Amino acid sequence: LKADHKGQLPGIIHGSSGTGASLFVEPLPAVELNNDIVSLQDEERREVARILRDLTSRVADRAVEIAAMAAILGELDAVQAMALLAGDMDAHAPEIVDDLSLELVDSRHPLLLPLLAERLGIARAGEPVPVSLRAGDGEPVLVISGPNTGGKTVALKTVGLLALMAQCGLHVPAAPGSRLPVFRRVYADIGDDQSIAENLSTFSAHLAAIVEMTRDPDRPALVLLDEVGAGTDPTEGGALGVAIVEHFRQRGAMVLATTHHGLMKAYAQSTPGVACASFGYDPETWEPTFRLTLGAPGRSLALEMAERLGLPVEVVRDARSRRDDKEQQAEDLLTRLEQDRAELEKETARIGALRSEAE
């Protein structure tokens with residue numbers, strides 16, 4: 001209202017304009033209506049509180065049943081999630097065995113599956129190369145060798161992860177016929193945990209992890225050792241790697257170890273209860289095939305891989321000239337064995353084709 005008209009409208013003045021020429025007035029009829037609104041809002045709040053108290057008491061009276069229902073629904077939700085994941089991974093139920101024998105047929109690490117990798121934002125090209133391996137049945141130790149970037153570490157991670165998945169009731173991304181025991185412990189020394197803050201070198205970090213494993217003797221145990229004995233003098237590292245693997249073998253553990261040490265490869269070929277396997281490569285391009293072959297050691301291909309990855313040719317040539325005669329003889333022998341194996345595989349495939357044609 002204009003200030004000079006304030007007496008013409010009975011009501012409550014709540015304020016004025018900046019100049020004082022206008023007044024803001026709440027008429028008396030509006031005051032009564034606002035009082036009713038406030039009263040009704042108070043009644044509404046009281047009624048809401050009463051209803052909530054009543055519902056809370058009803059829930060409290062059935063707390064045991066409701067908690068059981070929530071647990072059952074959580075279990076069903078988990079089972080449904082497991083089933084959906086199994087479908088996405090094309091997974092199958094492994095056979096759970098009582099003895100210490102493990103066999104994975106065409107197994108794949110979940111993070112290498114295109115569908116799951118896409119969901120997690122991981123760039124993957126095409127389907128992964130499946131890995132088949134076995135351990136146990138009198139040979140609880142498997143020593144895996146082969147070229148760098150050839151798939152050795154991924155194989156260890158796949159075995160450990162699939163063993164734990166099976167023990168959680170999950171199907172695993174492997175073909176039917178896969179068998180897994182139940183482990184009380186799964187130990188893994190994979191990757192490099194060197195730390196300046198913790199005063200750990202690469203070698204001491206690996207050793208600290210292995211020392212911790214030896215303090216907990218629960219069996220049956222699965223022990224995964226990546227590049228065992230690495231990070232120190234090759235001769236001493238190889239000897240230490242053999243001793244570590246043998247320690248776990250003597251204590252009844254299943255051991256899967258990767259290595260580049262010749263001593264470890266020789267140990268795998270000459271020791272009862274120890275099997276060897278290797279990842280292959282294309283002999284023309286030196287590119288890894290990511291295919292695991294059981295029963296044969298493999299070359300590390302450090303120089304060939306260095307050349308393929310762009311190290312100057314003269315550096316690689318100089319490195320080759322510095323190898324001693326024994327190392328060269330061992331490499332030549334492995335090369336011949338791998339060539340013979342490749343020829344044998346080709347001949348086996350040809351005979352299989354001829355047999356199928358004859359049938």
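On a predicted model such as this, the values are computed, not experimentally measured, just so you know.
To the nearest 0.5 Å, atoms CD1 (Ile72) and CG (Leu76) are separated by 7.5 Å. Annotation: the span from Arg350 atom CZ to Arg355 atom CZ amounts to 11.5 Å, rounded to 0.5 Å. To the nearest 0.5 Å, atoms CG (Asp226) and OG1 (Thr153) are separated by 3.5 Å. Separating the CG atom in Leu113 from the CD1 atom in Ile122 is a distance of 10.5 Å, to the nearest 0.5 Å. Put simply, NE2 on His247 and CD1 on Ile210 are 10.5 Å apart, with the number rounded to the nearest 0.5 Å. Note: Ser107 OG to His92 NE2 = 13.0 Å, rounded to the nearest 0.5 Å.
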- Task: Run the numbers on Met213 and Leu225 for side-chain contact (heavy atoms from CB on, under 4.5 Å), then give the verdict.
- Result: CA-CA 11 Å; Met213 296 178 192; Leu225 302 172; 4.1 Å; yes
- Check the pair Leu180, Leu104 against side-chain contact (heavy atoms from CB on, under 4.5 Å), reporting the backbone distance first and the verdict last. CA-CA 8 Å; Leu180 286 165; Leu104 293 177; 4.0 Å; yes
- Ile144 and Leu292: CA distance, side-chain angles, deciding distance, side-chain contact (heavy atoms from CB on, under 4.5 Å) verdict: CA-CA 9 Å; Ile144 303 173; Leu292 184 67; 3.9 Å; yes
- Task: Could you please spell out the steps behind the side-chain contact (heavy atoms from CB on, under 4.5 Å) verdict for Thr258 and Val228?
- Result: CA-CA 7 Å; Thr258 66; Val228 60; over 6 Å; no
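Within the 4.5 Å cutoff, no side-chain heavy atoms of Val141 are placed close to those of Leu256. Annotation: side chain of Arg291 is not in contact with side chain of Phe279 (no heavy-atom distance under 4.5 Å). In this structure, Ile190 and Lys157 have side chains that are in contact, with non-hydrogen atoms separated by less than 4.5 Å. Counting only heavy atoms from C-beta outward, the side chains of Leu162 and Pro173 approach each other to under 4.5 Å. Between His5 and Leu23, the closest side-chain pair of non-hydrogen atoms is not below 4.5 Å. A 4.5 Å side-chain heavy-atom check between Met89 and Met165 finds at least one atom pair inside the cut-off. Side-chain contact between Arg134 and Val105 is absent, with no heavy-atom pair separated by less than 4.5 Å. Two residues are said to be in side-chain contact when any heavy atoms from C-beta on lie closer than 4.5 Å; His260 and Ser145 fail this criterion.
A donor-acceptor contact shorter than 3.5 Å is absent between the side chain of Arg219 and the backbone of Gly252. Under the 3.5 Å distance criterion, the side-chain polar atoms of Thr289 are matched with a main-chain donor or acceptor of Gly280. Checking side-chain atoms of Ser178 against main-chain N and O of Ala174 turns up no donor-acceptor pair under 3.5 Å. Remark: the backbone N or O of Ser22 is paired with a side-chain donor or acceptor of Ser17 at under 3.5 angstrom. A side-chain donor-acceptor contact under 3.5 Å links His109 to the backbone of Leu111. Side chain of Lys152 to backbone of Pro147: a donor-acceptor contact under 3.5 angstrom is found. Not a single donor-acceptor pair under 3.5 Å links the side chain of Thr271 to the backbone N or O of Ala268.
Cluster membership for Leu240 and Val245, using ILVMFWY side-chain heavy atoms within less than 4.5 angstrom, is shared. Both Met254 and Leu161 are part of a single hydrophobic cluster, where members link through side-chain heavy atoms under 4.5 Å apart. Hydrophobic clustering (side-chain heavy atoms under 4.5 Å, transitive across Ile, Leu, Val, Met, Phe, Trp, Tyr) groups Met264 together with Leu207. Leu116 and Val172 fall within the same hydrophobic cluster, defined by Ile, Leu, Val, Met, Phe, Trp and Tyr side-chain heavy atoms under 4.5 Å apart, directly or through other members. A continuous path of ILVMFWY side-chain contacts below 4.5 Å connects Leu164 to Leu170, so both sit in one hydrophobic cluster.
Of the N and O atoms on the side chains of Tyr267 and Glu246, at least one donor lies less than 3.5 Å from an acceptor on the other residue. Side-chain atoms of Thr158 and Arg108 include no donor-acceptor pair closer than 3.5 Å.
Atom CD of Glu118 has 12 or fewer heavy atoms from other residues, nucleotides or ligands within 6.0 Å. Other residues, nucleotides and ligands contribute over 12 non-hydrogen atoms within 6.0 Å of the CG atom of Asp4. Remark: Glu44 CD is loosely packed, at most 12 non-hydrogen atoms of other residues, nucleotides or ligands lying under 6.0 Å away. When the shell of 6.0 Å around CD of Gln41 is examined, it contains more than 12 heavy atoms from other residues, nucleotides or ligands.
The two residues Leu100 and Pro220 come nearest to each other via the heavy atoms CD1-CB, 3.9 Å. Nearest heavy-atom pair, Leu102 versus Leu133, reported as atom, atom and distance to 0.1 Å: CD2-CD1, 3.7 Å. Minimum interatomic distance between Val25 and Pro27 (heavy atoms only, all atoms of both residues): O-CD, 3.4 Å. The heavy-atom pair separating Ala93 from His171 by the smallest distance is CB-NE2, 3.6 Å. Here the closest non-hydrogen pair linking Asn34 and Glu26 is ND2-OE2, 2.6 Å. Between Phe183 and Leu222, the closest heavy-atom pair is CD2-N, 3.6 Å.
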Extract all donor-acceptor atom pairs below 3.5 Å that involve side chains of residues 46-53 and protein atoms in other chains or at least two apart in sequence.
{"unit_1": "Glu47", "atom_1": "OE1", "unit_2": "Arg50", "atom_2": "NE", "d": "3.2"}
{"unit_1": "Glu47", "atom_1": "OE2", "unit_2": "Arg50", "atom_2": "NE", "d": "3.4"}
{"unit_1": "Glu47", "atom_1": "OE2", "unit_2": "Arg50", "atom_2": "NH2", "d": "2.6"}

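With respect to Asp42 and Arg45, a salt bridge is recorded, a charged nitrogen being found less than 4.0 Å from a carboxylate O.
Under the 4.5 angstrom side-chain criterion for Ile, Leu, Val, Met, Phe, Trp and Tyr, the cluster partners of Val31 are Ile12.
Screening residues 64-89 for salt bridge (Lys or Arg N to Asp or Glu O under 4.0 Å) gives Arg62-Glu65, Asp88-Arg119 as the qualifying pairs, with residues at least two apart or on separate chains.
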